[in-house]
Amino acid sequence: NNNKTNNKINNKINNKINNKINTKINTNKINTNKIKKEENVIYTNKEKIPYDYLVISTGSESNTFGIKGAETCQNFKSLEDAKALSESLDSTHKYNIIGAGPTGIEVAFQLASEGKKVTLIEATDKILPNFSDALRETVLDKLKKADIQLLLENKVQSIDKSNIYTSKGIVPREHTLWMAGIKPTQLVKEVSNVNEFLQHNEQIYVIGDSIRGHGPPTAQNAKQQGLYLAKHFNNDFKSEPYKYNEWCKILHTHDSLLIDYNNRCYSLPIITEKFIELGQRDPQGLAEVGLIIYANKNLVESQGKELLLN
């Protein structure tokens, strides 16, 4: 990848991994449909790489569901997308966000905190479909306070240069972000079906957003799948079937973290830096803050909505 930011990240990851295990990171692009299962070979844009076992974790891409004009919206799936959004802040005041799932909600709050006017467009009758009613109610209240316009039951039918046409009418188009869904990348379409061991065939395993039916498409689940496979390989391929263990769900609303635990919503009114410090003290603390909630569940349940971590 020629992107300087990506190269810096790749180098940091490469150095960190090489300090611990004997490995090699290859940043060549894998050609679409060039995983030759019958040959146990991957074809990249520069070489072919043989494998004994292959773990695919290439993530996902935006799903536009064939909606005309959706491809003209800005995505939010890569460093380049994030950079483009950041650069737009200097010249753009109004934004449309299509999709009121976790990503759409979090980006909406961040843009509003920058003084931007945001309109959230959602096809269904509620936001955050996989969260509890308690957390949804909290977020709806925060959306109102942040002056973020929410349009529910507005299924997008088409988009042109000037307007977004929904099932309920016409929404003037501003700088539009598409966050209405994801799908496995083209690369893994033929290998995304896996068994209870996250295994496609004897040599290929697939994890993360590339598969469905084995937990939600979240970082928490992807990490658990990665740890599961590492233990599975180190245990001579003898393991119990993979089971996702969800401690809680987390949503960032710029000024606080909302914890969805046991069908209740708890607000952590502390800045993100505190959690970074927590993660530095305890490597698992940042990624699995749900463990803290679980360990202190009696305290959490007795204190109610406001939970402070010292």
Side-chain angles (χ1 to χ4, degrees), residues 59-133 135-186 189 209 212 216-218 249 251-255 258:
S60 59
E61 60 188 14
S62 292
N63 190 349
T64 58
F65 304 99
I67 296 173
K68 183 179 179 181
E71 72 282 355
T72 66
C73 301
Q74 182 184 335
N75 292 318
F76 198 68
K77 291 293 296 176
S78 67
L79 287 173
E80 288 80 6
D81 294 336
K83 182 179 179 182
L85 178 57
S86 178
E87 291 174 347
S88 75
L89 296 176
D90 293 333
S91 58
T92 306
H93 179 65
K94 296 181 180 180
Y95 290 83
N96 301 127
I97 296 178
I98 300 175
T103 304
I105 293 289
E106 290 186 343
V107 172
F109 277 116
Q110 183 61 41
L111 289 172
S113 74
E114 300 279 348
K116 307 304 180 182
K117 184 66 177 178
V118 181
T119 299
L120 263 173
I121 303 172
E122 169 59 36
T124 67
D125 62 351
K126 61 184 177 182
I127 63 173
L128 302 167
N130 294 319
F131 286 73
S132 69
D133 289 339
L135 184 136
R136 276 196 292 269
E137 291 173 6
T138 300
V139 172
L140 287 171
D141 183 60
K142 284 180 171 288
L143 288 172
K144 290 180 181 178
K145 291 179 179 178
D147 196 28
I148 296 172
Q149 184 181 19
L150 175 62
L151 303 178
L152 295 176
E153 297 183 274
N154 274 259
K155 185 176 181 179
V156 174
Q157 298 175 334
S158 65
I159 303 171
D160 62 23
K161 292 182 179 180
S162 303
N163 297 301
I164 299 171
Y165 300 90
T166 78
S167 54
K168 283 193 172 181
I170 299 175
V171 180
R173 181 174 182 176
E174 309 295 346
H175 188 116
T176 304
L177 304 171
W178 185 270
M179 300 180 182
I182 59 174
K183 63 181 179 179
T185 61
Q186 181 69 24
K189 286 184 69 175
D209 291 359
R212 294 290 180 269
T218 62
K249 296 186 181 73
L251 190 78
H252 185 222
T253 61
H254 178 69
D255 62 343
L258 300 182

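Everything numeric here is computed off the predicted structure, so don't read it as measured data. Here, residue 1 is the first one in the sequence, and each next residue gets the next number.
For the pair C73/R173, a side-chain contact is recorded, criterion being any heavy-atom separation below 4.5 Å from C-beta on. For the pair D160 and Y165, the minimum side-chain heavy-atom distance is below 4.5 Å. Two residues are said to be in side-chain contact when any heavy atoms from C-beta on lie closer than 4.5 Å; F76 and L177 fail this criterion. Side-chain contact between L85 and V107: present, with at least one pair of heavy atoms (C-beta onward) separated by less than 4.5 Å. Side-chain contact between E174 and Y95 is absent, with no heavy-atom pair separated by less than 4.5 Å. When side chains are defined from C-beta on, F65 does not count as touching V156, because their heavy atoms never get closer than 4.5 Å. By the 4.5 Å heavy-atom criterion applied to side chains, L152 and I127 are counted as neighbours. The shortest distance between side-chain heavy atoms of N130 and P216 does not fall below 4.5 Å.
Taking each heavy atom of L89 and K116 in turn, the nearest pair found is O-NZ, 2.7 Å. The two residues A112 and V118 have their closest heavy-atom pair at N-CG2, 4.1 Å. Residues R212 and K183 approach most closely at NH2-CA, 3.9 Å, considering heavy atoms. Of all heavy-atom pairs spanning R136 and P129, the tightest one is NH1-O, 3.6 Å. In this structure, S60 and D209 approach most closely via the heavy-atom pair OG-OD2, 3.2 Å. Residues Q186 and E61 come closest through the heavy atom pair N-OE2, 4.0 Å.
With values rounded to the nearest 0.5 angstrom, L151 atom CG is found 7.5 Å from T166 atom OG1. The structure places CD of Q110 at 10.5 Å from OG1 of T253, a figure rounded to the nearest 0.5 Å. For the atom pair NZ (K117) and NZ (K94), the distance works out to 8.5 Å, reported to the nearest 0.5 Å. Atom CE of M179 sits about 15.0 Å away from atom CG of N63, to the nearest 0.5 Å. How far CD1 of I98 is from CD1 of I67: 7.5 Å, rounded to the nearest 0.5 Å. Put simply, CG on N75 and OG1 on T103 are 11.5 Å apart, with the number rounded to the nearest 0.5 Å.
Checked for salt-bridge contact, D141 and K144 miss the test: no charged N lies under 4.0 Å from a carboxylate O. Salt-bridge formation is detected for the pair D255/K142: a Lys NZ or Arg NE/NH1/NH2 atom is positioned less than 4.0 Å from an Asp or Glu carboxylate oxygen.
L120 pairs in a side chain to side chain contact (heavy atoms under 4.5 Å, CB included) with only one of the listed residues (N154, I97, N96), which is I97.
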Requested in this report: Give the C-alpha distance, both sets of side-chain angles, the deciding distance and a yes or no for side-chain contact (heavy atoms from CB on, under 4.5 Å) between L150 and L140.
Outcome: CA-CA 9 Å; L150 175 62; L140 287 171; 3.5 Å; yes

Query raised in the report: Can D81 and S78 be said to form a side chain to side chain donor-acceptor pair (under 3.5 Å), step by step?
Result: CA-CA 5 Å; D81 294 336; S78 67; 3.3 Å; yes

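In terms of modelled atom types and a separation under 3.5 Å, the side chain of S167 and the main chain of K155 share a donor-acceptor contact. At distances below 3.5 Å, not a single donor-acceptor pair connects side-chain atoms of W178 with backbone N or O atoms of G99. Judged by distance alone, with hydrogens and angles left aside, the side-chain atoms of K77 form no donor-acceptor pair with the main-chain N or O of S62 at under 3.5 Å. A donor-acceptor contact shorter than 3.5 Å is absent between the side chain of K249 and the backbone of F131.
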